[in-house]
Asks: 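Sharing a structure here in structure tokens format.
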Amino acid sequence: MLALKAEGVKTIFGYPGGAIMPVYDALYDYTRGEKKAFDHILVRHEQAAAHAAEGYARVSGNVGVALVTSGPGATNTLTGVADAMMDSTPIVVIAGQVPIGALGTDAFQEVDLVGVAQPISKWSYQIRHAEDIAWAVSRAFYIARSGRPGPVVLDFPKNAQTEEVDFLPCEVKFVRSYVAYPKLNDEAVKRAAELINGAKKPLALVGQGVELGHAQEELKAFLEKADIPAGRTMLGLSALPSNHSLNVGMLGMHGNYAVNLKEQECDVLIAIGMRFSDRVTGNLKTYARQAKVIHLDIDPSEIDKNVKTDVAVIADCKESLPAITRLLNEARHQEWRDSFLPLNEKELSQVITPAIHPTDGPLLMGEVVNVVAEATKGEAVLVTDVGQNQLFATRYFKYHRQRSICTSGGLGTMGYGMPAAIGATFAAQGRTVVCFMGDGGFQMCIEELGTIMEQQAPVKMILLNNNYLGNVRQWQDMFWQRRKSFTRMLNPCYELIAQGYHIPYEAVTDRASLAQAVEKMLCTDGPYILECAILEEDNVLPMTPPGMNVDDMMLKVEV
């Protein structure tokens, strides 16, 4: 407990069990009375502990902590660990383990956690003796939060939990062979600035690395000086305000039409804290072949991994962005920026307006998201599950504040939304947290309604219910001859479920009552479930079909 306290931990998400009981016994004194140092949030499933820690970390910028027992308790967290690794989220999972004398005997609830976690974490380590606790915890937090953040797993055998030693504070600031912050190369900075100064059609691709590096202001100064339009990845959406004049939309398979097409036309492509995911690039063989590529990233392993780079600036973007900005000429690219406008208008008329302002028929996901976005005025934290709900929500929500989006990007984990939203409420106290979920993802984490009930966590849950696993259904319709193989859902009565958990609930089936229902949800203290009956075959558009060129975006479904 003292080691966690030394790291500034305030909130722990966990679930007790036999192999972690000594730690929980010590935690008892630190969660009440004069010694209180932590809030412990009892989740209902260990996977939720990891996702809640992720939500807390993503919104707060601090390391999230999950505390679980051995065996299935530990393995249940591994989806969250893998999710955090893909999305560069700093969490520390502390899991109980059988005593070291019983290791290798197939003891009750024994699993080789270090071995299992190694490929999907930044570091996994077994604390075999109490004298190593302070060092291991400090090292774990240093690795989790430094450089490119990520998850760390500590395996904690029971004997080390019960041994008694004097607490000697330890602060790890260096790990041999681990270079958290690469030294900025001045020559690379100069070459990058020269390419940008010579560009006629520059385009920036902004990723989550900008927010992880706390470089939002540095990004704006960079873009504004050289007048560079910027697209944002899904995880980087709140790195640049939605209403910024240089924001040209979301990148990727279901991103905005203009910015995706313009990737194939720009002469200099500047990637900032993003990894060129396949969902952004489409067919790599044809992606941005005409452009000189500048890649700013803190992680050298990302350079040339997917897209060949002409200039690599390997450093923290909070350092590299201002270094390049100092060498930039004041520029204006009005003609280039204006060339986005006809494409924006095409998407607006053919996709956006029909999606958010329909005139008849059942409710659409886009219009529900839009009503919530307008009501929250860009100030809320958006949390999503995975699927169509995620894609509609990220497309149509508005972001005016930093660290305002929390979603599973790289791993695409259904069931992520509700527990991540719980974590977000503890990180963003005073801000509204809205969580969009489909009926599939909602049921994957439905047990966490118990956590929300107990904590009265003020999660505003918007259930977009179309009675389908909607994203898979859309792909089946578009690419699998409409053969809807096991994607239709027989759903429970969510009103009765809400009643069972004593959570306020309302159902909306028509657009005439939507705005009023959203306002009621937002004005109600504590948690709330708003179920919206959605058109069953609502589709997310535009869309770049998998494996196709990034500019082969479809504005309508072709079946």
Asks: Please say whether more than 12 non-hydrogen atoms of neighbouring residues, nucleotides or ligands are located less than 6.0 Å from NZ in Lys305.
Replies: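 Above 12, so yes.
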
Asks: Evaluate the side-chain proximity of Leu321 to Ile272: yes if any heavy-atom separation is below 4.5 Å, no if none is.
Replies: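 Result yes, sub-4.5 Å side-chain heavy-atom pair found.
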
Asks: Do the side chains of Leu205 and Thr233 get nearer than 4.5 Å, heavy atoms only?
Replies: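 Not touching, per the 4.5 Å side-chain cut-off.
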
Asks: Are any non-hydrogen side-chain atoms of Phe397 and Thr376 less than 4.5 angstrom apart?
Replies: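 A side-chain contact exists here, since the closest heavy-atom pair is under 4.5 Å.
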
Asks: Which distance, rounded to the nearest 0.5 Å, do you find between the CZ of Phe392 and the CZ of Phe436?
Replies: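 It comes to 12.0 Å.
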
Asks: Between Arg232 (side chain only) and Leu237 (backbone N and O only), is there a donor and an acceptor less than 3.5 Å apart?
Replies: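 Yes; judged by distance alone, with no hydrogens or angles, the pair exists.
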
Asks: Of the non-hydrogen atoms in Arg403 and Arg431, which two are nearest, and what is the gap between them?
Replies: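 For Arg403 and Arg431, the tightest heavy-atom pair comes out as O-NH1, 3.9 Å.
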
Asks: Sort out for me which residue in Gln208, Arg275, Arg148, Arg58 forms a side chain to side chain donor-acceptor pair (under 3.5 Å) with Ser88.
Replies: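 Between Ser88 and the candidates, side chain to side chain donor-acceptor pair (under 3.5 Å) is satisfied uniquely by Arg148.
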
Asks: Supply the atom-to-atom distance Asp297 CG to Phe276 CZ, rounded to the nearest 0.5 angstrom.
Replies: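 Between Asp297 CG and Phe276 CZ, I get 9.5 Å after rounding to 0.5 Å.
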
Asks: For a quick check under 3.5 Å, do Tyr178 and Ser146 share a side-chain donor-acceptor pair by atom type?
Replies: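 Distance-only check passes for Tyr178 and Ser146.
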
Asks: So, using salt bridge (charged side-chain N to carboxylate O under 4.0 Å, His left out) as the criterion, who are the partners of Glu531 when residues are at least two apart?
Replies: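 Here no residue qualifies.
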
Asks: Mind checking whether Ile452 and Met461 have side chains closer than 4.5 Å, heavy atoms only?
Replies: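 In contact.
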
Asks: Without hydrogens or angle criteria, can the side chains of Gln402 and Ser238 be said to hold a donor-acceptor pair below 3.5 Å?
Replies: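 Looking only at side-chain atoms, Ser238 and Gln402 do not form any donor-acceptor pair under 3.5 Å.
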
Asks: Check whether Tyr181 reaches the backbone of Gly147 with its side chain - one donor and one acceptor, N or O, closer than 3.5 Å.
Replies: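 Indeed, once roles are kept as given, a pair shorter than 3.5 Å links the two residues.
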
Asks: According to side-chain hydrogen bond (donor to acceptor under 3.5 Å, both in side chains), does anything in residues 8-24 pair up with another residue at least two apart or in another chain? List the pairs.
Replies: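 Found Tyr24-His40.
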
Asks: Whether the side chain of His45 engages the backbone of Gln47 through a donor-acceptor N/O pair (distance < 3.5 Å, no angle test) should be reported.
Replies: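 Yes, the answer is positive, given that a donor and an acceptor are paired below the 3.5 Å cut-off.
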
Asks: Answer with yes or no whether the side chains of Asn491 and Asn465 bring together a donor and an acceptor at under 3.5 Å.
Replies: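 Yes - a donor-acceptor pair under 3.5 Å links their side chains.
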
Asks: Show your working on side chain to side chain contact (heavy atoms under 4.5 Å, CB included) between Val152 and Val63 and close with a plain yes or no.
Replies: CA-CA 10 Å; Val152 170; Val63 178; over 6 Å; no

Asks: Checking the side chain of His400 only, and the main-chain atoms of Lys377 only, is there a donor and an acceptor separated by less than 3.5 Å?
Replies: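 Yes: the side chain of His400 pairs with the backbone of Lys377.
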
Asks: List the steps and the verdict of salt bridge (Lys or Arg N to Asp or Glu O under 4.0 Å) for Lys183 and Glu319.
Replies: CA-CA 10 Å; Lys183 180 176 172 54; Glu319 181 184 10; over 6 Å; no

Asks: Could you walk me through whether Leu219 and Val206 pass the side chain to side chain contact (heavy atoms under 4.5 Å, CB included) test, one step at a time?
Replies: CA-CA 9 Å; Leu219 171 70; Val206 176; 3.7 Å; yes

Asks: Should Tyr56 and Phe13 count as side-chain neighbours, where that means a heavy-atom distance under 4.5 Å?
Replies: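 Yes - at least one pair of side-chain heavy atoms lies under 4.5 Å apart.
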
Asks: Under 3.5 Å, is there a donor-acceptor pair between the side chain of Arg128 and the main chain of Ala160?
Replies: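 Not at all, since once roles are kept as given, no pair shorter than 3.5 Å links the two residues.
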
Asks: On the six-membered ring of Tyr30, is Lys35 placed so that its NZ or CZ lies under 6.0 angstrom from the centre and within 45° of the ring axis?
Replies: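 Geometry flag: set, cation within 6.0 Å and 45°.
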
Asks: Kindly say whether Asn62 contributes a backbone atom to a donor-acceptor pair with the side chain of Ser60 at under 3.5 angstrom?
Replies: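 Yes.
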
Asks: Going through the distances and angles, do Val381 and Thr432 end up as a side chain to side chain contact (heavy atoms under 4.5 Å, CB included)?
Replies: CA-CA 6 Å; Val381 174; Thr432 299; over 6 Å; no

Asks: Among side-chain atoms of Ser301 and Asp299, is any donor-acceptor pair under 3.5 angstrom?
Replies: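 Asp299 and Ser301 do have a side-chain donor-acceptor pair below 3.5 Å.
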
Asks: Under 3.5 Å, side-chain donor or acceptor atoms of residues 517-525 against the rest of the protein: list the pairs with distances, not counting sequence neighbours.
Replies:
from   : atom 1 : to     : atom 2 : distance (Å)
Thr524 : OG1    : Lys520 : O      : 2.7

Asks: Is Lys158 reaching over with its side chain to a backbone N or O of Gly18, donor-acceptor style, under 3.5 angstrom?
Replies: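 Between the backbone of Gly18 and the side chain of Lys158 there is a qualifying donor-acceptor contact (under 3.5 Å).
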
Asks: Would you say the side-chain atoms of Gln161 pair up with the backbone N or O of Ala19, donor to acceptor, closer than 3.5 Å?
Replies: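 At least one qualifying donor-acceptor pair exists.
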
Asks: Hey, does Asp385 have a side-chain heavy atom less than 4.5 Å from the side chain of Met414?
Replies: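 In contact.
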
Asks: Mind checking the CD-OG spacing from Glu7 to Ser138? Nearest 0.5 Å is all I need.
Replies: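 Nearest 0.5 Å value for the CD-OG distance: 4.5 Å.
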
Asks: So how far is it from Gln126 CD to Asp132 CG, rounded to the nearest 0.5 Å?
Replies: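 One gets 11.0 Å once the value is rounded to the nearest 0.5 Å.
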
Asks: Between side-chain atoms of residues 73-83 and protein atoms elsewhere (two or more places apart, or another chain), which donor-acceptor pairs fall under 3.5 Å?
Replies:
from  : atom 1 : to     : atom 2 : distance (Å)
Thr75 : OG1    : Gly71  : O      : 3.3
Thr75 : OG1    : Pro72  : O      : 3.3
Asn76 : ND2    : Glu46  : OE1    : 2.9
Asn76 : ND2    : Pro72  : O      : 3.1
Thr77 : OG1    : Ala74  : O      : 2.6
Asp83 : OD2    : Ser408 : OG     : 2.5
Asp83 : OD2    : Thr413 : OG1    : 2.7

Asks: How would you list all residue pairs meeting side-chain hydrogen bond (donor to acceptor under 3.5 Å, both in side chains) that involve residues 91-115, not counting sequence neighbours?
Replies: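 Found Gln97-Asp155.
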
Asks: Please determine if Arg32 forms a cation-pi arrangement with Tyr28, meaning its NZ or CZ atom is less than 6.0 Å from the six-membered ring centre and no more than 45° off the ring axis.
Replies: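 Arg32 over Tyr28 ring: yes.
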
Asks: Show the nearest heavy-atom pair for residues Glu495 and Tyr505, with the distance to one decimal.
Replies: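 Here Glu495 and Tyr505 meet closest at CB-CE2, 3.3 Å.
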
Asks: If you measure from CG on Leu212 to NE2 on His214, what distance do you get to the nearest 0.5 Å?
Replies: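 Reported to 0.5 Å precision, the distance equals 7.5 Å.
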
Asks: Could you tell me the separation between the OG atom of Ser485 and the CG atom of Leu469, rounded to the nearest 0.5 Å?
Replies: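 Between atom OG of Ser485 and atom CG of Leu469 there are 11.0 Å.
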
Asks: Do Ser404 side-chain atoms and Arg401 backbone N/O form a donor-acceptor pair below 3.5 Å?
Replies: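 Between the backbone of Arg401 and the side chain of Ser404 there is a qualifying donor-acceptor contact (under 3.5 Å).
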
Asks: Ignoring hydrogens and geometry beyond distance, is a side-chain donor-acceptor pair present between Glu448 and Thr451 at under 3.5 Å?
Replies: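 Short answer, yes.
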
Asks: Tell me the closest heavy-atom pair linking Ile529 and Ala498, and the distance in Å.
Replies: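 So the minimum-distance heavy-atom pair works out to CD1-CB, 4.0 Å.
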
Asks: Would you confirm whether Thr89, through its side chain, and Gly150, through its main-chain N or O, come within 3.5 Å as a donor-acceptor pair?
Replies: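 No, Thr89 side chain to Gly150 backbone: no donor-acceptor pair under 3.5 Å.
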
Asks: Do the side-chain N and O atoms of Gln390 and Asn471 include a donor-acceptor pair separated by under 3.5 angstrom?
Replies: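 Judged by distance alone, the side chains do not pair up.
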
Asks: Determine the minimum heavy-atom distance between Tyr142 and Ala180, stating which atoms define it.
Replies: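 Heavy atoms of Tyr142 and Ala180 come nearest at OH-CB, 4.0 Å.
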
Asks: Tyr396 versus Leu391: any side-chain heavy-atom pair under 4.5 Å?
Replies: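 A side-chain contact under 4.5 Å is absent here.
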
Asks: Are side-chain heavy atoms of Val114 and Val153 found at a separation under 4.5 Å?
Replies: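 Counting from C-beta outward, Val114 and Val153 never come under 4.5 Å.
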
Asks: Run the side chain to side chain contact (heavy atoms under 4.5 Å, CB included) test on Ile314 and Ile298 for me, step by step, so that the C-alpha distance in whole Å, both residues' side-chain angles and the decisive distance to 0.1 Å come before the verdict.
Replies: CA-CA 5 Å; Ile314 305 171; Ile298 199 170; over 6 Å; no

Asks: Report all side-chain donor-acceptor pairs from residues 163-176 shorter than 3.5 Å, counting only partners two or more places apart or in another chain.
Replies:
from   : atom 1 : to     : atom 2 : distance (Å)
Glu163 : OE1    : Ala130 : N      : 2.9
Glu163 : OE2    : Asn159 : ND2    : 3.3

Asks: Walk me through whether Tyr125 and Gln118 qualify under side-chain hydrogen bond (donor to acceptor under 3.5 Å, both in side chains).
Replies: CA-CA 9 Å; Tyr125 181 76; Gln118 225 163 20; over 6 Å; no

